[in-house]
Amino acid sequence: MDAVPPVSYFPHPMSVPVRVRFAPSPTGYLHVGGARTALFNWLYARRTGGTFVLRIEDTDNARNSQEAVDVILSGLRWLGLDWDEGPLTGDANGPVKGEFGPYFQSQRGEIYRRRADELKAKGHAYEKDGALFFRMSRTPITILDLIRGDVVRPLTDREEIDPDRVLIRSDGVPVFHFVNVVDDLEMGITHVIRGEDHLSNTAKHVALFRAFGVEPPKYAHIPLILNLDGSKMSKRDQGASVQSYVDDGYLPEAVINYLSLLGWSAKDTPELFTKEEIAPRFELADINHANARFDLKKLEHFHFEYTRRLEPKRFVHLGVEALLKAGIHTAGFPPSYVAAALLTSQEKGKLFKELPIWTDFYFVDDDAVVFDPESKAKALTPTSLPLLQKLSERFAALPEFNAASLEAALKALATELGVKVGALVQPCRVACTGRLVGPSLYHLLEVLGREKVAKRIAHALR
RNA sequence: GACCCUAUCGUCCAGUGGUUAGGACACCGCCCUUUCACGGCAGUAACCCGGGUUCGAAUCCCGGUAGGGUCGCCA
């Protein structure tokens, strides 16, 4: 290999404000790796007071649709990653904000043609077989990467044979590498923060920028997110799609927190933080070099931590939504009852998708409690039913029907009868909820109230 | 096949020449307890291998190996 003349990059003057972009192609879903790329771009923009641009790379007409763009926009919005420039809707001709549009590549044909002509005029491109080819550099190109340092990329053996690449296909449609560079150039992008899968290709991009006679932006190639077993994360893999977090009822702030720590960390940073809180501490140089593996268990841990800290009002709101999705209507119940009922499960920190199995019993008729067969076999037995009967009588005689008095009454009865507390608790729980597991018994009884508890026990005794 | 990136507990991160290699998740045990959890206490578990450099390497260099990526008229 010949000596490598590195490309000399001149650092952008401090006075030039940072402009970063997230440029997804509408494939029908927002990949978790893409979400993290967007997050890192967002963090860097906020940290530097720069601009976060959203650009839609929809040059591939075949799989391009407004719905597919909407998936990306709604995913980013759900995560709270607001962009300063870009489309407001999935409509390529719809409203935008920002002065560097259009932000859909499908609408930028004129710009690409002009830039293609420029390269032709400068002798960097030529036509062949009806397509426009770029006269690629034959010597190794040095990529300056803020995370990895200098990366020297020589030609591969196949590229040695013919390093020139197509810029515009014979059907007139420009290819990704060309439009990507043109857009970054035209949109004044100063830092390209993207997945490591683009690192090798960056040599092409650098050569293109040089052909245009400008310095390339600074690059930061972030490591990829792999499955737990180290394989590539594809669409169907668990956790690959941001929409799956929405569907399963994760808290977006938990997802953000988890993703932030996947490949990045800073000194003396607490475990839990909002993106606004760590943005000031975000440095590209602190990003890891190695790929990370996606661990759903850890994400669940973050969800748990955030859920139990959640403001009750929001927890109830999200809970009602989750129940509705499961076909459980709470509208017919007093709001205070609904709130109290759901709140008995907040400390569980479960995914909202799982909330129905913890709270559905609150919203069924008292004579329609469904008994889980296993639970019934265990707790509603010939020996336990008489105990349950006695407990019911004791509850009925209580002047105050609240968690404290219920607990005292139950424990007193257990002592009188000479049985373990559990011998009363289990039958009562199954009678009132249908299951052996659930929220704190005394609290759920209080929420149900004297009348419903009496009816449910009677139903179970029948 | 060529080229590029990477390599600390099972996983995510600390650790940038001298540490009993630290934390978190997960896992295991005990305590608490009305269930499931939470919480408290304790525990198992890692520097990929081989050469160098050095008084001394997880840390620096080289080579292997392994994993990932790229080499499209896909993005």
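Atom set for the values below is all heavy atoms of this structure, side chains included, hydrogens, waters and symmetry mates excluded.
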Of I141(A), D184(A), V181(A), the one forming a side-chain contact (heavy atoms from CB on, under 4.5 Å) with H205(A) is V181(A)
L424(A) CG to U34(B) P, in whole Å, measures 12 Å
P24(A) near the nucleic acid: base, sugar-phosphate alone, or nothing, with a heavy-atom cut-off under 4.0 Å? nothing
Report task. Report which part of the nucleic acid E57(A) touches: base, sugar-phosphate, or nothing (heavy-atom distance under 4.0 Å, all strands). Result -> sugar-phosphate
Test of ring centre spacing under 6.0 Å for F315(A) and Y306(A): no
For E57(A) and F104(A), run side-chain contact (heavy atoms from CB on, under 4.5 Å): C-alpha distance rounded to whole Å, both residues' side-chain angles, the deciding distance at 0.1 Å, then the answer.
-> CA-CA 6 Å; E57(A) 308 229 325; F104(A) 285 76; over 6 Å; no
Closest to the side chain of L228(A), out of C36(B), U11(B), C71(B), is U11(B)
Out of G68(B), C25(B), C3(B), minimum distance to the side chain of L224(A) belongs to G68(B)
Worksheet entry | Check: C36(B) base within 3.5 Å donor-acceptor of K348(A) side chain | yes
When rounded to whole Å, the NE2 to C1' distance for the pair H443(A) and C38(B) reads 14 Å
Comparing nearest nucleotides in RNA chain B, the 5'-proximal residue of the pair D286(A), L199(A) is L199(A)
Rounded to whole Å, the CG-P distance (L146(A) to C5(B)) equals 16 Å
At 4.0 Å (heavy atoms only), tell me whether N180(A) reaches a base, stays on the sugar-phosphate, or touches nothing.
nothing
For the ring pair F371(A) and H459(A), is the centre-to-centre distance below 6.0 Å? yes
Can the ring centroids of F22(A) and W83(A) be said to lie less than 6.0 angstrom from one another? no
Self-check item: Sugar-phosphate only, base, or nothing, as touched by G349(A) at under 4.0 Å among non-hydrogen atoms
Solution: nothing
Nearest-angstrom distance, P atom, C32(B) to A14(B) = 39 Å
Looking only at U35(B), A75(B), A24(B), the nucleotide nearest the V437(A) side chain is U35(B)
I225(A) atom CD1 is separated from C12(B) atom C1', nearest whole Å, by 11 Å
Against the side chain of F133(A), the closest entry in C12(B), C73(B), U34(B) is C73(B)
Rounded to whole Å, the NZ-C1' distance (K204(A) to C4(B)) equals 13 Å
Exactly one candidate in K204(A), R135(A), R138(A) meets salt bridge (Lys or Arg N to Asp or Glu O under 4.0 Å) with D164(A); the answer is R138(A)
Against the side chain of H177(A), the closest entry in A14(B), C71(B), U35(B) is C71(B)
Can you tell me if the side-chain N/O atoms of H289(A) get under 4.0 Å from OP1 or OP2 in U6(B)? yes
Among U34(B), C3(B), C25(B), the one nearest any side-chain atom of L441(A) is U34(B)
* To do: Answer with base, sugar-phosphate or nothing: what part of the nucleic acid does S440(A) contact at a heavy-atom distance below 4.0 Å?
  => base
For a quick check of understanding: with a heavy-atom distance under 4.0 Å over all strands, which category does Y442(A) fall into, base, sugar-phosphate or nothing? base
- request: With heavy atoms under 4.0 Å as the rule, sort R435(A) into base, sugar-phosphate or nothing.
  value: nothing
- P atoms of U33(B) and G18(B), separation to the nearest Å: 48 Å
Could you measure between the two P atoms, the one in C61(B) and the one in G67(B), and give it in whole Å? 24 Å
For A292(A), answer base if it contacts any base atom (sugar-phosphate contacts may also be present), sugar-phosphate if it contacts only those atoms, and nothing otherwise; contact means non-hydrogen atoms under 4.0 Å.
sugar-phosphate
List the steps and the verdict of salt bridge (charged side-chain N to carboxylate O under 4.0 Å, His left out) for E416(A) and K390(A). CA-CA 11 Å; E416(A) 282 175 36; K390(A) 286 204 175 71; over 6 Å; no
Query raised in the report: For A14(B), does either OP1 or OP2 sit under 4.0 Å from a side-chain N or O belonging to N288(A)?
Result: yes
Picking from C5(B), A14(B), U70(B), the nucleotide nearest the side-chain atoms of K267(A) would be A14(B)
### Message
Can you confirm if the aromatic rings of Y126(A) and F134(A) lie within a centre distance of less than 6.0 Å?
### Response
no
In whole Å, what separates the P atom of A21(B) from that of C9(B)? 16 Å
Query raised in the report: Side chain of R308(A), backbone of K348(A): donor and acceptor closer than 3.5 Å?
Result: no
**Request:** Using a heavy-atom cut-off of under 4.0 Å over every strand shown, decide if G422(A) touches base, sugar-phosphate, or nothing.
**Result:** nothing
Pairing partner of C71(B), by Watson-Crick or G-U wobble and under 3.5 Å for both distances, is G1(B)
query = When we call it a touch if two heavy atoms are under 4.0 Å apart, what does K420(A) touch: a base, just sugar-phosphate, or nothing?
reply = nothing
Minimal heavy-atom distance between L39(A) and S260(A), with the atoms involved, is CD2-OG, 3.5 Å
> Base, sugar-phosphate, or nothing for K350(A), non-hydrogen atoms under 4.0 angstrom?
Replying inline: nothing
Categorize Q426(A) for me: base, sugar-phosphate, or nothing, with a 4.0 angstrom heavy-atom threshold over every strand shown.
sugar-phosphate
Assigned chi class of C62(B) under the 90° convention is anti
- Item | Separation of the P atoms in C41(B) and A46(B), to the nearest angstrom | 24 Å
Using the six-membered ring of F212(A), assess whether NZ or CZ of R115(A) lies under 6.0 Å from its centre and within 45 degrees of the ring axis.
yes
F176(A) has its side chain closest, among A75(B), C13(B), U6(B), to A75(B)
Under a 3.5 Å limit on both distances, the Watson-Crick or wobble mate of A45(B) is none
Closest of U6(B), A75(B), U34(B) to the K411(A) side chain is U34(B)
Rounded to whole Å, CG of N201(A) lies from P of C5(B) at a distance of 14 Å
Sorted by position of nearest nucleotide on RNA chain B, 5' first, the leading residue of K298(A) and L262(A) is L262(A)
Does R158(A) reach a base, just sugar-phosphate, or nothing at all? Heavy atoms under 4.0 Å. base
Nearest heavy-atom contact between K232(A) and D237(A) is O-OD2, 3.3 Å
> Given A14(B), is OP1 or OP2 found less than 4.0 Å from the side-chain N or O atoms of S265(A)?
Replying inline: yes
Contact check, residues 161-170 of chain A vs RNA chain B, heavy-atom distance under 4.0 Å, returns R165(A), V166(A), R169(A), S170(A)
Regarding the side chain of A131(A), the nearest nucleotide among U34(B), U70(B), C73(B) is C73(B)
Here the distance between atom C1' of C12(B) and atom CZ of R293(A), to the nearest Å, is 11 Å
Here the distance between atom P of A24(B) and atom CZ of F304(A), to the nearest Å, is 15 Å
Any strand, both distances under 3.5 Å, Watson-Crick or G-U wobble: A66(B) pairs with U6(B)
